[in-house]
S.K.: 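This is the structure I want to talk about, given as structure tokens.
Counting convention: from 1, in listed order, for ligands and their atoms alike.
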Amino acid sequence: MNIVMINIPFKAPWLGENKWITVPPQNYGGIQWIVKNLMDGMLELGHSVTLLGAPGSPETHPKLTVLPHGEIKDIEKWLEENEGKYDIVHDHTCRGEEFNENFNQFNWKVINSHYLSSVPLRKKNIVAASQAHAKDIGMPNVPFIRHPVNPNNYVFTENKSNYLLFLGRVSDWKGAYEAASFAEKAGLKLVIAGPVWEKEYFEAIMSRYKKTVRYVGEVGGEKRLELLSRSKAILVFSNSVTGPAGRTWVEPGSTVVSEAAACGTPVISSSNGCLSEIVPRVGKVIDDLEVVTQEAARGIIKNLPLPSDVYRNGLEDWDYLKISEQYLQLYEKVLHGHTW
Ligand code: UDP
């Protein structure tokens with residue numbers, strides 16, 4: 001199949017003038033990692049992939065073409081000019097607001113992932129990342145497919161160090177504060193890695209939990225892999241507070257959960273959104289952190305699943321080839337005129 005993947009395009013000022021976040025991302029970037037792991041699967045299964053929305057990404061496979069279009073208007077123009085030349089467009093741009101209203105009236109066959117909007121639906125063929133996500137966007141009956149993970153992009157080890165990890169945007173809805181609270185109860189250090197765009201929130205954590213937390217900034221490359229694979233557990237305490245789209249946050253798919261699993265790193269999480277669906281396979285879900293005592297927190301750490309079980313269970317569900325096959329089945333349906 002000839003597949004067009006559209007990444008969520010972002011310029012990152014901190015990378016330098018006019019530099020785009022690539023696929024895979026230089027540092028923070030959940031959707032970019034999902035696109036990377038999925039593209040790996042499609043390429044390995046023999047399909048061709050043309051990538052838009054991530055100029056400068058490495059062309060790491062003979063069947064991968066990276067186009068220089070990042071601005072939405074340029075992507076739209078390219079799509080208009082190339083109508084009919086490819087089989088399917090897999091759009092990861094998320095919000096349903098970016099493309100103009102005519103986009104889906106082109107002759108393209110489209111699949112849409114990561115839809116997070118509360119605006120009236122303008123997209124068709126939406127695929128959610130979990131049951132919770134499908135419900136949250138008001139479409140409980142759309143298909144859902146978990147985030148893919150390619151273990152070759154991660155490092156598995158059974159040799160864990162004695163610290164916990166928060167890896168993500170340091171924001172209220174991602175639960176960095178709650179991660180620090182859990183780490184303190186468990187008597188372990190918490191490494192926080194990720195961008196800080198909500199300064200007051202970050203400072204509140206650092207002043208309340210200064211003895212527990214070590215902040216290492218936004219990480220990429222080797223440093224990110226080392227943290228992911230060496231931490232004793234990763235903490236994902238997503239919160240039901242107002243999220244980036246201005247609505248109550250419901251964790252849609254959680255990239256870090258499948259990434260941790262590929263490293264054999266157990267996950268300790270809240271029950272927000274998809275977490276109660278996926279984390280029981282690879283760790284422990286805590287319904288109400290406030291009632292967790294020091295003793296209970298230490299007990300949770302003691303009883304974490306083995307790295308080999310975490311890896312096996314995670315990959316059984318989220319392996320990139322399996323997930324690619326699931327998408328290919330939907331692509332086929334769309335190619336045969338099926339729409340939802
Ligand atoms: N991440 C990273 N460096 C950081 C913080 C996060 O590479 O310093 C990556 C992390 O590995 C994951 C993504 O950013 O791939 C965050 O995605 P997730 O779905 O967990 O969170 P969201 O996209 O909702 O912020």
Side-chain angles (χ1 to χ4, degrees), residues 7-8 10 12 14-15 21-40 54 92-95 113-116 128-130 132-133 136 145-151 153-155 165-176 179 190-198 201-202 213-231 234-245 247-263 265 267-270 272-275 277-279 282-283 314 318 320:
N7 173 53
I8 183 165
F10 267 120
W14 59 93
L15 295 171
I21 298 185
T22 52
V23 170
Q26 297 87 337
N27 296 302
Y28 170 79
I31 290 171
Q32 289 81 0
W33 271 114
I34 294 163
V35 173
K36 164 66 178 158
N37 285 307
L38 184 63
M39 284 192 336
D40 284 355
H92 299 260
T93 56
C94 294
R95 296 189 183 104
S113 292
H114 317 296
Y115 188 82
L116 268 187
S130 61
H133 178 207
D136 179 47
I145 297 184
R146 305 281 184 215
H147 290 340
V149 68
N150 175 359
N153 293 329
Y154 301 87
V155 178
L165 176 67
F166 173 93
L167 179 69
R169 174 172 174 169
V170 185
S171 61
D172 196 1
W173 60 92
K174 284 291 180 182
L190 176 72
V191 174
I192 293 187
V196 169
W197 294 319
E198 286 84 25
Y201 178 73
F202 173 71
V213 170
R214 186 157 71 89
Y215 177 62
V216 296
E218 193 177 336
V219 295
E222 296 291 312
K223 180 77 189 155
R224 165 177 173 271
L225 289 180
E226 189 196 323
L227 287 171
L228 262 170
S229 65
R230 293 301 302 272
S231 58
I234 184 164
L235 305 185
V236 188
F237 284 106
S238 303
N239 271 316
S240 301
V241 296
T242 304
R247 315 165 47 223
T248 301
W249 180 245
V250 174
E251 189 63 50
S254 192
T255 316
V256 288
V257 170
S258 53
E259 293 179 328
C263 301
T265 301
V267 182
I268 303 171
S269 81
S270 67
N272 181 282
C274 69
L275 298 172
E277 294 171 36
I278 60 177
V279 172
V282 293
W318 311 316
Y320 69 126

S.K.: Heavy atoms only, cut-off 4.0 Å: how does W33 contact ligand 1, side chain, backbone, both, or neither?
M.R.: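 For W33, the contact with ligand 1 is made by the side chain alone.
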S.K.: Between R224 and ligand 1, which residue portion shows a heavy-atom distance shorter than 4.0 Å: side chain, backbone, both, or neither?
M.R.: side chain
S.K.: Just need the protein heavy atom nearest to atom 17 (O) of ligand 1, so name the residue and atom and give the distance.
M.R.: G30 CA, 3.3 Å
S.K.: Let me confirm one number: the CG-CD1 distance from L235 to I268, rounded to the nearest 0.5 Å.
M.R.: 5.5 Å
S.K.: Can you tell me how far CG of N7 sits from NE2 of H92, rounded to the nearest 0.5 angstrom?
M.R.: 8.0 Å
S.K.: For the atom pair OG (S113) and CD1 (I8), what is the distance rounded to the nearest 0.5 Å?
M.R.: 11.5 Å
S.K.: Less than 3.5 Å between some nitrogen or oxygen of S254 and one of ligand 1, yes or no?
M.R.: no
S.K.: Between the side chain of N150 and the main-chain N/O of N37, is any donor-acceptor distance below 3.5 Å?
M.R.: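 Checked: no pair found.
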S.K.: Any side-chain heavy atom of I278 sitting closer than 4.5 Å to one from W318?
M.R.: yes
S.K.: Give the single entry among K36, Q26, K174 that approaches atom 22 (P) of ligand 1 most closely by any heavy atom.
M.R.: K174
S.K.: Looking at G194, which atoms of ligand 1 are within less than 4.0 Å of one of its heavy atoms?
M.R.: 4 (C), 5 (C), 8 (O)
S.K.: Distance-only, no hydrogens or angles: does the Y154 side chain make a donor-acceptor pair with backbone N or O of S258 under 3.5 Å?
M.R.: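 Pair absent, no side-chain N/O of Y154 close to backbone of S258.
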S.K.: Would E259 count as a polar contact of ligand 1, with the cut-off being nitrogen or oxygen pairs under 3.5 Å?
M.R.: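 N/O-N/O distance below 3.5 Å exists for this pair.
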S.K.: With a cut-off of 4.0 Å, which atoms of ligand 1 are near a heavy atom of G168?
M.R.: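 Listed by number with element: 5 (C), 6 (C).
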S.K.: Taking distance alone, with no angle check, do R169 and ligand 1 share an N/O pair under 3.5 Å?
M.R.: no
S.K.: Ignoring hydrogens and angles, tell me if any N or O in the side chain of S130 forms a donor-acceptor pair with the backbone of G253 under 3.5 Å.
M.R.: no
S.K.: Hey, does Y28 come in under 3.5 Å of ligand 1, counting only N/O atoms on both sides?
M.R.: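 Min N/O separation from ligand 1 is below 3.5 Å for Y28.
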S.K.: Is there at least one pair of N or O atoms, one from V219 and one from ligand 1, spaced under 3.5 Å apart?
M.R.: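 Yes - when backbone and side-chain N and O of V219 are compared with those of ligand 1, one distance drops under 3.5 Å.
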S.K.: Counting each atom of ligand 1 from 1 as listed, which ones have a heavy atom of N27 under 4.0 Å away?
M.R.: 2 (C), 3 (N), 7 (O)
S.K.: What are the atoms of ligand 1, with element, lying closer than 4.0 Å to any heavy atom of G29?
M.R.: 9 (C), 13 (C), 14 (O)
S.K.: Compile the donor-acceptor pairs under 3.5 Å between side chains in residues 25-33 and protein atoms, sequence neighbours left out, one pair per line.
M.R.:
from, atom 1, to, atom 2, distance (Å)
Q26, OE1, T22, N, 3.2
Q26, OE1, T22, OG1, 3.4
Q26, NE2, W20, O, 3.1
N27, OD1, G220, N, 3.2

S.K.: Is the side chain of T248 donor-acceptor paired with the backbone N or O of S240 at a distance under 3.5 Å, no angle test?
M.R.: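 The answer is no, because no donor-acceptor pair under 3.5 Å joins these two groups.
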S.K.: Charged N to carboxylate O below 4.0 Å: is that the case for E198 and K174?
M.R.: no
S.K.: Looking only at heavy atoms, is any part of H147 under 4.0 Å from ligand 1, and if so is it the side chain, the backbone, or both, or is it neither?
M.R.: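 No part of H147 is near ligand 1 at this cut-off.
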S.K.: Can you pull out the closest protein heavy atom to atom 19 (O) of ligand 1? Residue, atom name and distance to 0.1 Å, please.
M.R.: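 The answer is T255 OG1, 2.7 Å.
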S.K.: Tell me which part of V256 gets within contact of ligand 1: side chain, backbone, both or neither, using heavy atoms under 4.0 Å.
M.R.: both
